[in-house]
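Just below is one structure, and these are the notes that go with it.
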Amino acid sequence: MFTGEIPKEISNLVDLEELSLGENSFSGLLQMMIFNISGLRIINLADNDISGTLPSNIGSILPNIERLYLGELANLVGTIPHSISNCSKLTILELSSNKLSGFIPNSLGCLTHLQYLNLQENNLTCDSSLSFLTSLTNCRNLTILSLNWNPLNGMLPLSIGNLSTSLTIFLASGCKFKGRIPNEVGNLSSLFDFDISGNDLVGSIPTSIGNLRNLQRLFLNDNKLTGFIGDNLCKLPRLGSIHLSQNHLSGSLPNCLGNTSLREICLGSNKLSSNVPTSLGTLRI
């Protein structure tokens, strides 16, 4: 429950490697002097009342940074600097729940050690081809990617299937995605949480989703998807939650869903035209 400004004298600690001051009530401007400690590997200032911008030369002044937690600050504005590509050791980049704007830089793809990228709940944008997603295919260790609630206004590229085979969580709800869900998502073999709800996606549910044998949560609700649900979902032995409500899906529910591990299924506001399969009564929790 610390308050007040972070003392600028911290910059005198030239051998400091970890600065963790998160979840306090520090206020004032983001102290640029902190970023002058070149040996810092970990900075955690998340969940404070700090304002300011990210330094444009962040890549040159923090060459050794491995984990950067700057989420949930009171008024962190501006853009993500292109120079962040020079933070070549970065594994965790947490910038969620701020007021960042501008394009998501393609230079993020230079962070080849990146494992965790959370940009959700900002005002970030991108070109219509979502080229930053293509750039992230260079991050072969990427495990978690969260983009929720940014107005990205583009079409999911085919390159989404080339994201890291280690990717377990892909969250992109409320991003104003348009077009179809690429069949290439079926290449993300480690995925267990896939949420692209609340967009403007059209077309059918890709049959390739049946290849995601580790999938546990599938959230496609609040889109404009059409076609049948199909029995490909029955091929997912670990699937526990399916949210498909608020779409234009038609036809009948696959009877084979009763042979899955489902614990939650939401189908409201579609155009389904059959009885509920009796096999659902055999589901075990």
Side-chain angles (χ1 to χ4, degrees), residues 96-97 118 120-121 144-156 160-161 163 167-285:
S96 65
S97 302
N118 191 352
Q120 70 178 23
E121 295 186 49
I144 297 174
L145 175 59
S146 183
L147 304 169
N148 290 337
W149 305 107
N150 282 290
L152 299 179
N153 287 304
M155 297 178 65
L156 288 168
I160 190 175
L163 288 170
L167 192 68
T168 58
I169 298 176
F170 184 96
L171 307 178
S173 177
C175 291
K176 299 184 179 180
F177 288 153
K178 298 171 282 191
R180 295 176 174 267
I181 304 171
N183 210 46
E184 284 74 9
V185 298
N187 296 337
L188 303 176
S189 56
S190 298
L191 207 62
F192 68 74
D193 192 346
F194 187 38
D195 184 351
I196 49 174
S197 60
N199 286 291
D200 294 313
L201 295 165
V202 299
S204 58
I205 300 172
T207 58
S208 64
I209 283 182
N211 298 331
L212 304 179
R213 306 306 296 272
N214 293 303
L215 199 64
Q216 298 178 25
R217 295 174 73 251
L218 178 62
F219 282 50
L220 304 179
N221 51 290
D222 294 277
N223 280 290
K224 299 174 183 177
L225 300 175
T226 56
F228 303 123
I229 292 177
D231 59 4
N232 291 291
L233 299 182
C234 303
K235 300 176 182 178
L236 306 176
R238 301 181 181 180
L239 191 61
S241 298
I242 303 176
H243 283 220
L244 300 175
S245 57
Q246 301 289 337
N247 279 291
H248 305 300
L249 299 168
S250 57
S252 59
L253 280 177
N255 195 58
C256 58
L257 286 176
N259 301 324
T260 66
S261 302
L262 275 177
R263 297 183 300 277
E264 180 181 38
I265 180 168
C266 299
L267 302 167
S269 298
N270 278 290
K271 299 179 180 179
L272 301 174
S273 57
S274 69
N275 295 323
V276 177
T278 56
S279 64
L280 291 183
T282 65
L283 289 170
R284 295 284 186 269
I285 297 179

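These numbers come from a predicted model, not from an experiment.
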Quiz item: Between Ser245 and Ser269, do the side chains contain an N or O donor and an N or O acceptor separated by less than 3.5 Å?
Solution: no

Quiz prompt | All ring pair (Phe, Tyr, Trp, His ring centres under 6.0 Å) counterparts of Phe219, not counting sequence neighbours | solution = His243

Self-check item: Side-chain heavy atoms of Ile196 within contact of Leu220, under 4.5 Å
Solution: yes

Quiz item: Charged N to carboxylate O below 4.0 Å: is that the case for Asp200 and Lys178?
Solution: no

Quiz item: Under 4.5 Å between any side-chain heavy atoms of Leu267 and Ile229, yes or no?
Solution: yes

Practice problem: Would you check if Ile144 and Asn118 make a side-chain contact, meaning some heavy-atom pair closer than 4.5 Å? | Solution: no

Quiz item: Below 4.5 Å, heavy atoms only, C-beta onward: do Arg213 and Pro237 meet side chain to side chain?
Solution: yes

Exercise. Please tell me if the side chains of Leu244 and Ile205 come closer than 4.5 Å, counting only heavy atoms from C-beta onward.
Key: yes

Exercise. For the residue pair Leu188 and Phe194, establish whether any side-chain heavy-atom pair is separated by less than 4.5 Å.
Key: no

Exercise. Establish, from distance only, whether the side-chain atoms of Thr207 and Asn232 form a donor-acceptor pair under 3.5 Å.
Key: no

Exercise. Can you measure from CG (Leu218) to CG (Leu236) and round to the nearest 0.5 angstrom?
Key: 8.0 Å

Quiz prompt | OG on Ser96 to CG on Asn148, rounded to 0.5 Å | solution = 10.0 Å

Quiz item: With sequence neighbours excluded, what pairs up with Phe192 under the ring pair (Phe, Tyr, Trp, His ring centres under 6.0 Å) test?
Solution: none

Self-check item: Rounded distance (nearest 0.5 Å) linking atom OG of Ser189 with atom CG of Asn211
Solution: 9.5 Å

Self-check item: Within-4.5 Å side-chain heavy-atom neighbours: Ser250 and Phe228
Solution: yes

Self-check item: Pairwise side-chain contact, Ser146 with Ile169, heavy-atom cut-off 4.5 Å (strictly under)
Solution: no

Self-check item: For Leu283, the option from Ile265, Thr260, Asn259 that meets side-chain contact (heavy atoms from CB on, under 4.5 Å)
Solution: Thr260

Practice problem: For Ser190 and Thr168, indicate whether the former's side chain and the latter's backbone hold a donor-acceptor pair under 3.5 Å. | Solution: no

